[in-house]
Amino acid sequence: MEYILRTLTKKEEVDSIIRDTIDKVLVLRLGRSSDPLCLQLDDILYKSVREVSKFATVALVDIDSEDVRVYVKYFDITLIPSTIFFFNAHHMKMDSGSADHTKWVGAFQRKQDFIDVVEAIFRGAMKGKLIMFSRLLIAELQEKTSHLESHCFWMIILTITNP
């Protein structure tokens, strides 16, 4: 089965998909189809849509459409692409290490990163949670911590050997 990414250009379309997506995570990518970073994210979304189809619906929102400017303003979309998540018409938030928990800003690096985030949001939503902590942030922190621990270890060795 071929999966396509639906592009929404009207407020009514966005309202409808938010309202009508039940027991699945709704992933809305807000951006422009002409932006290189949006195209990179769209490629990852397209490659992932089949794998997340049992627990997520993915759609693109064209922020240049006058009709959807209300969402751009409401979610304070200043950087693109921005990805927003919903579950049963509830806005799902994600702590990804930034001050803004309302959206994911930028493209995912890998297809698996996107799948992991959507799966974590789905599992949390099924448990009634409205905010999740991103595994991507945990992995990044672990990587930085291990690098820092290694750096501190060598600083201690240098201090001991060169008093």
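- No salt bridge links Arg19 with Asp15; every basic N to acidic carboxylate O contact stays at or beyond 4.0 Å.
- Between Leu41 atom CG and Tyr46 atom OH the span is 15.0 Å, to the nearest 0.5 Å.
- Within a 6.0 Å radius of NZ in Lys129, no more than 12 heavy atoms belonging to other residues, nucleotides or ligands are found.
- You'll find the side chain of Asp43 stays beyond 4.5 Å of the side chain of Leu39, heavy atoms only.
- No more than 12 heavy atoms of other residues, nucleotides or ligands shown are found within 6.0 angstrom of CD on Gln109.
- Among all heavy-atom pairs drawn from Lys111 and Ile44, the shortest one is CA-CG2, 3.8 Å.
- Counting heavy atoms from C-beta outward, Ile77 and Lys103 have side chains that approach closer than 4.5 Å.
- Between atom CD1 of residue Ile63 and atom CZ of residue Arg29 there is a gap of 8.5 Å, rounded to the nearest 0.5 Å.
- Ring geometry for Phe75 versus Phe86: interplanar angle over 60°, hence perpendicular rather than tilted (30 to 60°).
- Put simply, CZ on Arg69 and CG on Asp64 are 7.0 Å apart, with the number rounded to the nearest 0.5 Å.
- Contact check for Asp116 versus Gln112: side-chain heavy atoms found under the 4.5 Å cut-off.
- Between Phe108 and Phe114, the ring planes are perpendicular. Angles over 60° get that label, and only those under 30° would be called parallel.
- Both Val14 and Tyr74 are members of a single hydrophobic cluster when ILVMFWY side chains are connected at heavy-atom separations under 4.5 Å.
- At a threshold of 4.5 Å between side-chain heavy atoms, the hydrophobic network of Ile, Leu, Val, Met, Phe, Trp and Tyr places Leu37 and Trp104 in two separate groups.
- No side-chain heavy atom of Thr57 sits under 4.5 Å from any side-chain heavy atom of Val27.
- Residues Asn88 and Asp23 have side chains in contact (heavy-atom distance under 4.5 Å, counting atoms from C-beta outward).
- The shortest distance between side-chain heavy atoms of Ile18 and Leu26 falls below 4.5 Å.
- Nearest heavy atom pair, residue Glu13 against residue Thr9, reads OE1-N, 2.8 Å.
- Atom CD of Glu12 is surrounded by more than 12 heavy atoms from other residues, nucleotides or ligands within 6.0 Å.
- Scanning all heavy atoms of the two residues, the minimum distance from Arg32 to Cys38 falls at O-CB, 3.1 Å.
- Here NE2 of His91 is found 9.0 Å from CZ of Phe85. Values are rounded to the nearest 0.5 Å.
- Atom OG1 of Thr83 and atom CG of Leu28 lie 9.0 Å apart (nearest 0.5 Å).
- Annotation: the span from Arg123 atom CZ to Phe55 atom CZ amounts to 8.0 Å, rounded to 0.5 Å.
- Cluster annotation: Val118 is connected to Leu5 through the hydrophobic network of ILVMFWY side chains, with a link wherever side-chain heavy atoms come within less than 4.5 Å.
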**Asked** Could you walk me through whether Leu8 and Val68 pass the side-chain contact (heavy atoms from CB on, under 4.5 Å) check?
**Response** CA-CA 9 Å; Leu8 310 173; Val68 297; 5.8 Å; no

